[in-house]
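Contents: one structure, followed by commentary.
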Amino acid sequence: MTPSMRPAVFAPVGFAREKSLAWRYGTRRGQQFAVAALALFTVGIMIGSLVNYNIVPVAIYVLPLLLGSFMLRYRPLLVLVAVVTVCATATVTRETLANGWLAPRMSNIVMLALVAVIVLYASTRYRSGLPGPLSEAMLVELNDRLQHQGVVPALPNGWRSQSAVLSAGGSKFAGDFLVANLSEDETYLEMVLVDVCGKGVGAGTQSLQFAGALSGLIGSLPPLGLFSAANDFLLRQRWDEGFATAVHVLVRLDTGEYSVISAGHPPAMRWVDRQSLWHVDTARGTALGVLERPDFQRSVGVIEPGDALMFYTDGVIEDRVRDVRSGIDWLRATAGRVVMTSGFDDAPKRILAHVSDGDDDRAVLVIDRERPVVDYGRGR
C-alpha cells in the first residue's frame with residue numbers, strides 16, 4: 001500500500017471509530033449518527049420492498065425498530081419510528097395498489113405497530129435516559145473504576161492484604177465493597193469494608209454511590225470523622241433501605257499497631273500465630289444511616305509477625321439455618337483450618353469456597369504480617 005493510498009483507506013475506519021465512541025458515550029452527535037444510519041437502513045428496506053415485496057415484506061421493518069431500541073434514546077427513537085411509519089406506509093400502499101389487499105398483510109402491520117409501541121414504552125422506562133446497553137456499559141465502567149479504587153496499594157515488605165467478593169446470584173454489582181488508602185510515606189494503611197443493606201443489583205447501585213463518597217473521604221478525615229460523614233451521607237439519601245454496616249481498620253505498618261471501629265458490622269477477627277487461633281475483636285457500634293448520632297467503639301492492638309486481621313460481611317456467616325453467633329464459631333474454625341493447611345495465600349478465596357451459595361453478597365478481607373526470614377547460614 002502506497003503512502004498516498006493510506007488516508008483513503010483509513011479515513012472511513014477512523015470516521016466509523018469516532019462515531020462509535022460518540023455513541024458509546026451517549027453524546028448528541030453519537031445519537032444523531034445512529035438515528036441517521038438506522039434511517040438509511042430503513043430507506044434501504046423500503047427500496048428493496050418496492051423492488052420485490054415477496055423477498056422484503058413489511059414485517060422486515062421490525063429490524064430497525066429492534067436495533068433502535070438498543071441504540072437510541074427516546075427522542076431519536078421517536079424520529080426512527082416516524083421514518084419507519086412513512087416507509088412502511090409507502091411499501092403497503094404501493095403493494096396494495098399493485099396486487100390488491102391481502103389478509104396476512106394486516107397481521108404484519110399490526111405486529112409492526114405493536115413492536116413500535118413496545119420499544120417506545122420501554123425507552124421511557126430507562127431512568128438514566130440512555131438505552132439499555134449504554135446504561136449497563138456506564139454502570140459497569142463506573143463499577144470497574146470504583147473497584148479499582150478499592151484495590152489495596154502495594155504494601156511495604158512484610159505486609160500483605162488480600163480480599164475476595166462474591167455477589168448474590170452472580171451479579172456484577174454487589175452491595176459489599178472495599179475502599180483503601182495508603183499514606184504517602186507508607187506508614188499508615190487505612191481500609192473500610194462496607195455492606196450496604198440489600199442484595200445483588202439493588203444494593204449494587206447504592207453501593208456505587210456510597211463507595212464514591214467514601215473514596216473521596218478516606219485518608220482526609222480521622223476514622224471517627226470518616227464514619228460520621230458517611231452516616232450523614234446515608235441519612236441525606238433517604239433510600240428505602242438506607243443503612244449500611246461497615247468496619248474501619250487503621251494499621252501503622254512500621255510497628256504493627258492497629259485500631260478497629262465497627263458500625264454494626266460482624267466482629268473482626270485476629271489470628272494469633274503463637275496460639276494458632278482466631279480471636280473475636282471487641283469493637284462494636286451502630287450501623288450507618290440509622291441514627292443522627294451513632295455510637296462507635298474502638299478496639300486497639302498490635303499485629304505481631306505471623307499474625308493477621310480478618311474482616312467479612314454477614315453473608316459469610318449467616319444462612320437459613322445458621323445465626324450470627326454460630327456463624328462466627330463456624331468461620332473461626334473454617335478460617336483456622338484454611339490457615340493451618342496452606343497459610344494465608346489466597347485465604348479469602350479459599351474461605352469463601354467453604355461458604356454455601358446464598359442470596360446475600362459475601363466478602364472477606366485479610367491483612368497479615370509475614371514472619372521475618374531467618375538466615376541460619378550467616379555468621380558461620
Side-chain angles (χ1 to χ4, degrees), residues 127-130 135-153 161 163 165 167-168 171-184 188-251 259-266 268 283 285-296 298 311-315 360-363 365 367:
R127 297 178 61 182
S128 65
L130 297 174
S135 297
E136 182 179 0
M138 179 182 65
L139 287 175
V140 169
E141 183 177 356
L142 179 58
N143 182 65
D144 291 342
R145 289 183 180 181
L146 292 176
Q147 291 296 330
H148 179 72
Q149 293 178 1
V151 174
V152 179
S161 176
S163 63
V165 178
S167 60
S171 169
K172 293 182 180 180
F173 305 99
D176 302 343
F177 66 88
L178 169 72
V179 293
N181 179 70
L182 180 65
S183 62
E184 293 185 1
Y188 291 96
L189 173 65
E190 188 174 4
M191 297 183 291
V192 182
L193 180 63
V194 182
D195 183 2
V196 175
C197 179
K199 301 169 185 176
V201 176
T205 54
Q206 296 178 353
S207 69
L208 289 178
Q209 298 181 51
F210 194 26
L214 283 180
S215 297
L217 295 175
I218 190 170
S220 302
L221 295 174
L224 290 176
L226 176 64
F227 267 18
S228 296
N231 184 72
D232 293 340
F233 173 84
L234 289 179
L235 289 175
R236 290 194 303 268
Q237 302 312 303
R238 301 187 182 278
W239 290 327
D240 292 337
E241 294 179 309
F243 71 91
T245 66
V247 59
H248 177 282
V249 58
L250 179 63
V251 182
S259 68
V260 174
I261 301 176
S262 176
H265 207 76
T286 308
L288 302 174
V290 177
L291 301 175
E292 291 186 1
R293 295 183 179 181
D295 180 40
F296 304 122
R298 184 202 304 257
F311 309 91
Y312 51 93
T313 57
D314 57 2
D360 200 358
D361 303 323
R362 291 143 285 168
L365 167 66
I367 175 171

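Between Val249 and Ile367, every side-chain heavy-atom pair lies at or beyond the 4.5 Å cut-off.
The side chain to side chain contact (heavy atoms under 4.5 Å, CB included) test applied to Ala287 returns Phe243, Thr245, Val290, not counting sequence neighbours. Among residues two or more places apart in sequence or in another chain, the side chain to side chain contact (heavy atoms under 4.5 Å, CB included) test is passed with Ser161 by Val152, Leu155, Met191, Leu365. For Ser262, the side chain to side chain donor-acceptor pair (under 3.5 Å) test picks out no residue, with sequence neighbours left out. Annotation: side chain to side chain contact (heavy atoms under 4.5 Å, CB included) contacts of Phe296 (sequence neighbours excluded): Leu224, Phe227, Ile261, Ala263, Leu288, Pro294. Leu291 is linked by a side chain to side chain contact (heavy atoms under 4.5 Å, CB included) to Thr286, counting only residues two or more places apart in sequence or in another chain. With sequence neighbours left out, Phe233 forms a ring-ring contact (aromatic ring centres under 6.0 Å, His included) with Phe210.
Annotation for His248 and Leu226: closest pair CD2-CD2, 3.8 Å, computed over non-hydrogen atoms. Shown here for Val179 and Ala211, the closest heavy-atom pair between the two residues is CG1-O, 4.1 Å. In this structure, Val260 and Ala283 approach most closely via the heavy-atom pair O-CB, 3.5 Å. Closest approach of Ala244 to Val196, counting heavy atoms only: CB-CA, 3.9 Å.
Of the possible polar contacts, none joining the His265 side chain to the Asp314 backbone as a donor-acceptor pair under 3.5 Å is found. Checked by atom type and distance alone, the side chain of Asn231 pairs as donor or acceptor with a backbone atom of Gly289 at under 3.5 Å.
Going from atom CG of Leu250 over to atom CZ of Arg298 covers 8.0 Å, rounded to the nearest 0.5 Å. To the nearest 0.5 Å, atoms CG (Asn181) and OH (Tyr188) are separated by 13.0 Å. Within the model, atoms CG of Asp232 and CD of Gln237 stand 11.0 Å from one another, a figure rounded to the nearest 0.5 Å.
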**Message:** side chain to side chain contact (heavy atoms under 4.5 Å, CB included) for Phe177 and Leu214? Distances and angles first, verdict last.
**Reply:** CA-CA 11 Å; Phe177 66 88; Leu214 283 180; 4.0 Å; yes
